[in-house]
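Before any comments, here is the structure.
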Amino acid sequence: MTEPTPAPGADQPLDDAAGLADHPLTARRLAKHEAALAGEGYPYRFSRTATAAELHTRHGGLEPGTETGENVTVAGRLHNVRALGNLLFGVLRDGTGTIQLFVDRSVLDDAAFARFEELDHGDWIGAGGEVVTTRRGELSVRITSLTLLAKSLRPLPDKWHGLQDLELRSRRRYLDLLANERSRDTALTRARVVSELRREFEARGYVEFETPVLLTQATGGLARPFRTRHNALEMDMYLRIATELYLKRLVVGGMERVFEIGRIFRNEGIDSTHNPEFTMLESYEAYADYLDILEMVEEIFAAVAIAAAGGATVTYQGRTLDFSPPYRRERMVDLVAAATGRPVDFAAPIDDVRALARSHGVEPEPHWGHGKIVEALFDALVADGIWEPTFILDHPVEVSPLARRHRDDPDLAERWELFIAGAEFGNAFSELNDPLDQRQRFEAQVAARAAGDEEAHPLDEDYLLALEYGMPPTGGLGIGVDRLVMLLTGQPHIREVILFPTLRPEA
RNA sequence: GGGCCCGUAGCUCAAUUGGCAGAGCAGCGGACUUUUAAUCCGAAGGUCGUGGGUUCGAUCCCCACCGGGCCCA
């Protein structure tokens, strides 16, 4: 914690630690700020009677030169001032859009006109006046009053090119948002996606619960966790890598339809589809199996696409994607067999399977069994080529330690992943509810970890205890929310859909 | 972890492959009573990411570091 800076007294000059006085672009603004403080100061509130969007809705399509007789007050950030002698035009942006300010010396008194001339691009202002259209027909507020609400001390990004640099846009997201309409749209679309997902689940009788982020053991997924330290308890703790095992405890407790939209943390590399913290939706429904969940996901994805992107068909990276159900369904083993030209055989000698993998450019690690190799072959040979939404069904049990064994094939699990545009967007199981089988699966994970698999699950004895009290048959689901937003906004980089992505500190 | 690339004015970008660093926008001064990225005139604005090295001379070549991007594992 930093020491609080003492408030400057009347006889104590403001500290210019930021160096604002040292640069001509900021020094002028700083001088105006100090003059404002020395004079009237800044108001604590402003009574706005209309937003930009309301004005456009109320007065759309007026003839040029109309005087509506309606007086309003508006507020927002000032952009793009054009001065023409005794006329000034400015664009006021508020949270709903923009409205033109029309400043006419014959209407506004000289002092207020001069104060408007002193404004800088980026200042927050309140203004009052009559709603009119100009000779060119632009809806405007012809102002008769002006209040400076807050001074912008720094110059804003280029009014035409905006802020382009991905790094700067991420570090100073406020500048990105105020300069780039696309960024505002993306942020708002993300909010709509999350809201719509929540609405869809609640409409189906699901209830959202909050499960712990800070854990003594990170389980429920295949990933490395972040470690932190609890001082009073004198022990290491971990940030969650999934919400799965806690939500299933709720099902054991009798909550039949549960979900959570929550932040997940995985201690992995950062690239165009991975951020260390991201948002996942998980849901669990008692008495359902993975095929029930599949049909629900088709409906929900279509509904979310329509709500957030305006239709079930979206454009991503120059190609169309159709979210209208039903989606293709393929078994993973069938696709891998087609890609390798050999049927998948879980009874084949492991050395033969390893050789097959190598012949397709996949180097198996020592601890990989048949199932892991099948999954690796799928990832290497098949996944990238999938474009339209496709359910990949029935993964090997070996790579699905929390999924129930397939009712027809003990080597496979009742599990699917939804692939779109070469990436995974959802993951669902008929949940493993047999505590004895679950214990064996955990023990296999422990063995894999001992053999060098750092992402293998630790054994969660407390979760097994819950299962031993009985969990009904349950269909579970995980959806990567960030990636879904990428699809629906056409953004190729996860950093575009996370407002404040993880970055190294600036030098 | 490996390879490749980028960092130049507040913003968007050039150029120089060793010899005083350029434009548009923004900002500043001026003109203009209907602009829409207003227009026109003028004058400014630079630690060329940081630190070392080579050189008479480095934004440019070399090394290290910082930040970012892309590809691969």
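Here is the naming used below: chain letters follow the sequence lines, and residue numbers restart at 1 for every chain.
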Residues of residues 357-374 of chain A with a heavy atom under 4.0 Å from any atom of RNA chain B, listed by number, are none

Would A:Arg319 count as a cation-pi partner of A:Trp387, with NZ or CZ less than 6.0 Å from the six-membered ring centre and within 45° of the ring normal? yes

For B:U47 and B:C6, measure between their P atoms and round to the nearest Å. 22 Å

Name all pairs fulfilling the ring-ring contact (aromatic ring centres under 6.0 Å, His included) condition that reach into residues 36-68 of chain A, sequence neighbours left out, sorted by first residue then second. A:His33-A:Tyr42

Would you mind listing every salt bridge (Lys or Arg N to Asp or Glu O under 4.0 Å) that reaches into residues 377-396 of chain A, with sequence neighbours excluded? A:Arg331-A:Asp394

Write down the distance between CG (A:Asn275) and P (B:G69), rounded to a whole number of angstrom. 11 Å

In whole Å, what separates the C1' atom of B:A23 from that of B:A15? 10 Å

With a 4.5 Å heavy-atom cut-off, do A:Thr273 and A:Arg483 have their side chains touching? yes

Both A:Ser140 and A:Leu163 contact RNA chain B. Which one's nearest nucleotide lies toward the 5' end? A:Leu163

Quick one: which protein N/O atoms are closer than 3.5 Å to N/O atoms of nucleotides 70-73 of chain B? Pair and distance per line, please.
from: B:C70; atom 1: OP1; to: A:His493; atom 2: NE2; distance (Å): 3.3

Taking the side chain as every heavy atom from C-beta outward, state whether A:Ser152 and A:Asp120 have any pair of such atoms under 4.5 Å apart. no

Determine the minimum heavy-atom distance between A:Arg266 and A:Ala223, stating which atoms define it. CD-CB, 3.4 Å

Do A:Arg190 and A:Thr279 have a side chain donor and acceptor closer than 3.5 Å? yes

Suppose the criterion is salt bridge (Lys or Arg N to Asp or Glu O under 4.0 Å): which pairs have a residue in residues 174-186 of chain A, not counting sequence neighbours? A:Arg169-A:Asp176, A:Arg173-A:Asp176

Just to be sure I understand the rule, does A:Glu138 reach a base, reach only the sugar-phosphate, or reach nothing, if contact means heavy atoms closer than 4.0 Å? base

Using whole Å, report how far NE2 of A:His161 lies from C1' of B:G10. 15 Å

May I ask you to verify if any side-chain N or O of A:Arg504 is less than 4.0 angstrom from the OP1 or OP2 atom of B:C66? no

Roughly how far apart, to the nearest Å, are B:G18 and B:U55 at atom C1'? 9 Å

Spacing of A:Trp160 atom CH2 relative to B:A37 atom P, expressed in whole Å: 6 Å

Here RNA chain B, pairs taken as Watson-Crick or G-U under 3.5 Å and shown with ( ), [ ] when crossing and | when to another strand, reads (((((((..((((.....[..))))..((((.......))))......(((((..]....)))))))))))).

Separation between the P atoms of B:G24 and B:C41, rounded to whole Å: 10 Å

For residues 113-156 of chain A, which residue pairs qualify under ring-ring contact (aromatic ring centres under 6.0 Å, His included), counting only residues two or more places apart or in two chains? A:His79-A:His121

What nucleic acid atoms does A:Arg495 come within less than 4.0 Å of, heavy atoms only: base, sugar-phosphate, or nothing? sugar-phosphate

A:Asp22 has an atom CG; how far is it from atom C1' of B:G46, in whole Å? 16 Å

Residue pair A:Pro389 / A:Leu321, side-chain heavy-atom distance below 4.5 Å: yes

Is the shortest side-chain heavy-atom distance between A:Phe226 and A:Ile241 below 4.5 Å? no

For a quick test of reading the model, state the closest non-hydrogen atom pair linking A:Met332 to A:Pro396 and the distance between them. SD-CD, 3.8 Å

Less than 4.0 angstrom between a side-chain N/O of A:Arg154 and OP1 or OP2 of B:G10, yes or no? no

Rounded distance (Å) that lies between atom C1' of B:U39 and atom NZ of A:Lys159: 11 Å

Choose from B:U12, B:G69, B:A38 the nucleotide whose nearest atom is closest to any side-chain atom of A:Asp165. B:U12

Using atom P of each nucleotide, how far apart are B:U16 and B:G22 to the nearest Å? 13 Å

With rounding to whole Å, what would you report as the distance between B:A38 and B:G46 at their P atoms? 26 Å

B:G57 and B:C40: how far apart are their P atoms, nearest whole angstrom? 46 Å

Salt bridge (Lys or Arg N to Asp or Glu O under 4.0 Å) pairs, two or more places apart, involving residues 77-106 of chain A: A:Arg48-A:Asp94, A:Arg105-A:Asp110

So what does A:Gly162 touch, heavy atoms closer than 4.0 Å: a base, only the sugar-phosphate, or nothing? sugar-phosphate

Would you list the pairs meeting side chain to side chain donor-acceptor pair (under 3.5 Å) in which at least one residue belongs to residues 60-69 of chain A, sequence neighbours left out? A:Glu67-A:Arg142

Sequence neighbours excluded, the answer for side chain to side chain contact (heavy atoms under 4.5 Å, CB included) partners of A:Arg58 is A:Ala50, A:Glu54, A:Leu55, A:Glu70, A:Val72

Roughly how many Å apart are B:G2 and B:C48, using the P atom of each and rounding to a whole number? 31 Å

Compare the minimum distances between each of B:G10, B:U34, B:A37 and the side chain of A:His23, then state the nucleotide with the smallest one. B:G10

Hey, which of these two, A:Leu156 or A:Asn80, hits RNA chain B nearer its 5' end, going by closest nucleotide? A:Leu156

With ring-ring contact (aromatic ring centres under 6.0 Å, His included) as the rule and sequence neighbours excluded, what pairs involving residues 87-106 of chain A come up? A:Phe89-A:Phe102

Return the nearest nucleotide to the side chain of A:Phe102; candidates are B:U34, B:C11, B:G10. B:U34

Classify every nucleotide of nucleotides 27-33 of chain B by which part a protein heavy atom approaches to under 4.0 Å, writing B for the base, S for the sugar-phosphate alone and - for neither, in 5'-to-3' order. SSS--BB

